[in-house]
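Any value given below was found using the heavy atoms of this structure, including those in side chains, with hydrogens, waters and symmetry copies removed. For the single chain, residues carry numbers from 1 onward in sequence order. Quick caveat, the model's predicted, so the values are computed rather than measured.
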Amino acid sequence: MKPSVIINLLFVAVAAPLMTGCSEKKDYDATGIFEATTVTVSAETSGKILSFPLEEGDSVYAGQQVAQIDTTLLTLQLAQLGSQRQSAISSSPDIAAQVASLKVQIAHAKEEKARVERLLASGAATQKQCDDAAAQLSTLQGQLEGVTSTLSKNRSSVSGNASAIQYQRDQIEQQIERCRIMAPESGTVLCKYAQRGEFVASGKPLFRMANLDEIFLRSYFTASQLANIKLGQKVTVIADFGGEEQFEYPGVITWIAQESEFTPKSIQTKDSRANLVYAVKIAVKNDGRLKLGQYGEVRL
């Protein structure tokens, strides 16, 4: 055999294991996909959308009004209930005015009873006249109590009706307030499900949003790797932008699944023989380059 052939065979024999070792070497412990906690904002009342200027990709802040649903019918109902309440209050009886006449009669009956008692003491009146005056006074006082009780019950009933109407007004006002769609938190609009001019029912999703400043990498670790990770642990997250363009970000493990699951097909683990893995969330501060659905790697 020629010396050159022998040298080539030796080179292949030595280089083959080295090349195999290099190809199997991975500079990460797990991979995953960048995700964010999304919020779906839905309509809380039914009606026509009068304004909805949001577009996908727009940034919103917490408490910002992003849409307006028609409140015409609700406003009319509120006005009607206001009139009914005012009418109920106006029908409430004036107890003082309605018993004023009886009080005058009672005062006169007391004076008459006192006069007859004086006459009886001087012998100028009989006992029957005194008893009749006392009976007349007692009758008038009983009438006053009865009328006062009836009027008080009527007033309580009217007051109850007025309160019930006010509760209905409060409900309508709450519905009108809910026609103003507000952003529950600051973030970015990811998807828009409705447009201005459409009629929406209560509960219909209007748009989906997420805070893209605070995202996380959902990665998967094998059971043998669990001993090396814990909550609050700082790790390095590597974002892959294709080719050789990669950026490293500091990350913190914020959640570890309590139960294992089968390895998702899109996930690569360091131990390719593992069928069961544990999901882990790693919080990452987004500098604007990271996108949802993008692949990333984790280095412990």
Salt-bridge present (Glu117, Lys113; N to O < 4.0 Å): yes

Is the shortest distance from a Lys or Arg side-chain nitrogen in Arg299 or Glu248 to a carboxylate oxygen in the other one below 4.0 Å? yes

Tell me, with the steps shown, if Leu151 and Val99 meet side chain to side chain contact (heavy atoms under 4.5 Å, CB included). CA-CA 9 Å; Leu151 293 176; Val99 301; 4.1 Å; yes

Are the side chains of [Y] and [X] in contact, using a 4.5 Å heavy-atom criterion?
X	Y	result
Leu137	Lys110	yes
Gln225	Asp29	yes
Phe216	Val284	no
Glu55	Lys192	yes
Leu76	Gln80	no
Arg218	Tyr220	yes
Thr38	Arg208	yes
Phe34	Val237	yes

For the residue pair [X] and [Y], what are the closest heavy atoms and their distance?
X	Y	answer
Lys204	Ala194	CE-CB, 4.3 Å
Leu212	Asn286	O-ND2, 2.9 Å
Arg178	Thr45	CB-CG2, 4.1 Å
Ala279	Glu261	CB-OE2, 3.8 Å
Ala36	Ala210	CB-CB, 4.1 Å
Phe199	Ser46	CZ-CB, 4.1 Å

[atom1] of [X] to [atom2] of [Y]: how many Å apart, nearest 0.5 Å?
X	Y	atom1	atom2	value
Glu35	Leu292	CD	CG	8.5 Å
Leu50	Arg196	CG	CZ	9.0 Å
Asp132	Glu112	CG	CD	10.5 Å
Arg115	Cys130	CZ	SG	11.0 Å

[Y] reachable from [X] in the ILVMFWY side-chain graph, under 4.5 Å edges:
X	Y	result
Leu74	Val200	no
Ile69	Ile176	no
Val280	Leu300	yes
Leu290	Ile238	no
Ile215	Val39	no

Backbone N or O of [Y] within a donor-acceptor pair of the [X] side chain at under 3.5 Å?
X	Y	result
Thr139	Ala135	yes
Gln136	Ala133	no
Ser138	Ala134	no
Lys291	Arg289	yes
Ser149	Gly146	no
Lys230	Ala227	no
Ser219	Ala30	no

Non-neighbouring partners of [X] that pass side chain to side chain donor-acceptor pair (under 3.5 Å), sequence neighbours left out:
X	answer
Lys285	Glu214
Arg155	none
Glu259	none
Gln294	none

Is there any ring-ring contact (aromatic ring centres under 6.0 Å, His included) pair reaching into residues 238-261, and which pairs are they, with sequence neighbours excluded? Phe241-Phe247

Sequence neighbours left out, what pairs pass side-chain hydrogen bond (donor to acceptor under 3.5 Å, both in side chains) with at least one residue falling in residues 167-177? Gln166-Asp170, Glu177-Arg180

Gln143 and Leu102: side chain to side chain contact (heavy atoms under 4.5 Å, CB included), yes or no, with the steps? CA-CA 8 Å; Gln143 292 178 1; Leu102 276 175; 3.5 Å; yes

Could you give me the CA-CA distance, side-chain angles and deciding distance for Gln233 and Val252, then say whether side chain to side chain contact (heavy atoms under 4.5 Å, CB included) is met? CA-CA 6 Å; Gln233 178 179 343; Val252 179; over 6 Å; no

For Gln127, is the CD atom crowded, meaning more than 12 foreign heavy atoms sit under 6.0 Å from it? yes

Check step by step if side chain to side chain contact (heavy atoms under 4.5 Å, CB included) holds for Val158 and Ile89. CA-CA 7 Å; Val158 170; Ile89 294 176; 5.8 Å; no

Checking Val189, Leu206, Leu54, Asp58 against Val66 for side-chain contact (heavy atoms from CB on, under 4.5 Å), the one that qualifies is Leu54

